[in-house]
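Worksheet: one structure, shown below.
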Amino acid sequence: MKKDDKKQQYRINEQIRVAEVRIVGEGSESVVVPTYKAIQMAEARGVDLVEISPTAFPPVCRLIDYSKFQYQQKKKRKEIMAKQVKVDVKEIRFGPQTDDHDYNFKLKHAKGFLSEGDKVKAYVFFRGRSILFKEQGEVLLLRFAADLEEYGRVESMPTLEGKRMTMFITPKKVSAAARKAAEEAMAAADKEAPVAKRMQQQKGPKEYTGPKVEGEDFDD
């Protein structure tokens with residue numbers, strides 16, 4: 001039988017000071033008996049009386065070797081931890097006037113992220129006076145959410161903080177076919193990236209077409 005341990009999480013044997021307890025076990029019906037009798041039953045079997053539910057009335061106990069009981073509890077905790085899925089947050093950045101090619105490129109990546117179980121943080125970054133297009137940025141994010149409806153759901157609607165309008169999309173469970181399609185699209189988008197970048201460099205940066213204010217720096 002296990003001796004008292006200062007670090008133990010459960011009361012055992014003589015530590016259990018209530019008048020009676022309910023004994024449960026695998027393959028047997030529960031029974032309520034005086035605590036002293038339950039301890040005698042444990043001693044007769046060469047095991048411990050372990051209190052597993054102290055808040056029940058009467059408290060629930062098991063007749064089991066305490067070391068074995070601790071091992072079982074540790075194993076259960078490991079199984080629970082193994083089932084917990086770590087969710088990463090992937091960022092997708094837009095400008096208020098993102099063109100269709102860049103939009104579709106980022107949409108493919110977002111589908112891939114969500115299909116893999118990652119959360120997507122999509123945001124529009126406004127430079128200088130482009131904050132005048134905040135409504136356009138909100139429309140872009142809502143369009144993005146609608147195009148990702150099969151893969152994720154909106155966790156928070158677009159919110160403007162400083163120069164950023166942000167929206168979070170959390171993943172849905174998707175079919176194997178949809179996941180495969182998203183992965184293929186993501187791979188294809190990665191192959192297209194160098195070409196798209198060269199084309200963008202040839203075109204040069206987009207000019208701001210809104211109202212011009214003297215002394216205003218549009219690239220801040």
Side-chain angles (χ1 to χ4, degrees), residues 75-210 217-220:
K75 185 177 180 181
K76 286 181 180 179
R77 287 193 293 269
K78 285 185 176 181
E79 290 175 351
I80 293 173
M81 291 294 292
K83 291 179 181 179
Q84 292 179 346
V85 180
K86 182 181 178 182
V87 178
D88 292 326
V89 179
K90 303 293 187 180
E91 292 191 351
I92 302 288
R93 170 175 167 165
F94 293 100
Q97 295 178 307
T98 298
D99 59 36
D100 288 340
H101 185 276
D102 190 32
Y103 175 87
N104 291 328
F105 172 79
K106 293 175 179 179
L107 179 65
K108 290 176 182 179
H109 274 79
K111 288 179 178 179
F113 295 146
L114 292 169
S115 67
E116 292 173 358
D118 296 324
K119 184 184 294 187
V120 170
K121 175 184 178 181
Y123 68 92
V124 179
F125 185 77
F126 299 95
R127 291 180 179 274
R129 295 283 291 180
S130 67
I131 192 67
L132 295 173
F133 295 103
K134 60 183 179 180
E135 291 83 5
Q136 190 171 333
E138 182 176 8
V139 170
L140 186 151
L141 289 177
L142 293 176
R143 172 193 172 191
F144 195 59
D147 289 340
L148 292 171
E149 187 176 5
E150 182 181 352
Y151 298 86
R153 60 178 178 80
V154 176
E155 186 178 272
S156 62
M157 296 300 287
T159 303
L160 181 63
E161 294 183 1
K163 295 183 178 181
R164 289 190 181 192
M165 181 174 286
T166 306
M167 178 181 67
F168 286 92
I169 303 174
T170 192
K172 286 182 178 179
K173 290 184 178 180
V174 298
S175 64
R179 184 180 295 106
K180 183 178 180 181
E183 290 173 352
E184 292 176 349
M186 193 172 177
D190 286 335
K191 290 181 180 179
E192 295 173 5
V195 178
K197 186 176 181 180
R198 287 197 300 271
M199 291 176 63
Q200 185 66 29
Q201 290 174 342
Q202 291 173 359
K203 291 179 181 178
K206 288 188 175 181
E207 294 184 359
Y208 173 68
T209 56
D217 183 358
F218 298 112
D219 293 328
D220 291 338

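All residue numbers in this chain count up from 1 along the given sequence. These numbers were taken from a predicted model, which means no experiment stands behind them.
In this structure, T166 OG1 and I92 CD1 are separated by 13.0 Å, a value rounded to the nearest 0.5 Å. Here the straight-line distance linking atom CZ of R93 with atom OH of Y123 works out to 5.0 Å at 0.5 Å rounding. Distance CG/L141 to CZ/F168: 11.5 Å, rounded to 0.5 Å. Here the CG-NE2 distance, from N104 to H109, works out to 13.0 Å after rounding to the nearest 0.5 Å. In this structure, L107 CG and D147 CG are separated by 5.5 Å, a value rounded to the nearest 0.5 Å.
Taking the side chain as every heavy atom from C-beta outward, L142 and M157 approach each other to under 4.5 Å. You'll find the side chain of L160 reaches within 4.5 Å of the side chain of K134, heavy atoms only.
F94 carries K106 over the face of its six-membered ring, with the cationic atom under 6.0 Å from the centre and within 45° of the normal. Stacking of R143 on the aromatic ring of Y103 is recorded, both the 6.0 Å distance cut-off and the 45° axial limit being met. Stacking of R164 on the aromatic ring of F125 is not recorded, the 6.0 Å distance cut-off and the 45° axial limit not both being met. The cationic atom of K90 (NZ for Lys, CZ for Arg) lies less than 6.0 Å from the six-membered ring centre of F113 and within 45° of the ring axis.
Scanning all heavy atoms of the two residues, the minimum distance from I169 to A145 falls at CD1-CA, 4.2 Å. For the pair P171 and G117, the tightest heavy-atom approach, listed with the atom from each and the gap, is CG-O, 3.6 Å. Nearest heavy atom pair, residue D102 against residue D99, reads N-OD1, 2.8 Å. Of all heavy-atom pairs between L140 and P96, the closest is CD1-O, 4.5 Å. In plain terms, the two heavy atoms of E150 and K172 that are nearest each other are O-CD, 4.1 Å. The minimum heavy-atom distance linking S156 with M167 is given by the pair O-CG, 3.1 Å.
Within a 6.0 Å radius of CD in E149, no more than 12 heavy atoms belonging to other residues, nucleotides or ligands are found.
Classification of E155 and K119 as a salt-bridged pair holds, one side-chain N sitting under 4.0 Å from a carboxylate O.
Outside the 6.0 Å centre-distance limit, the rings of H101 and F105 are not counted as a close aromatic pair.
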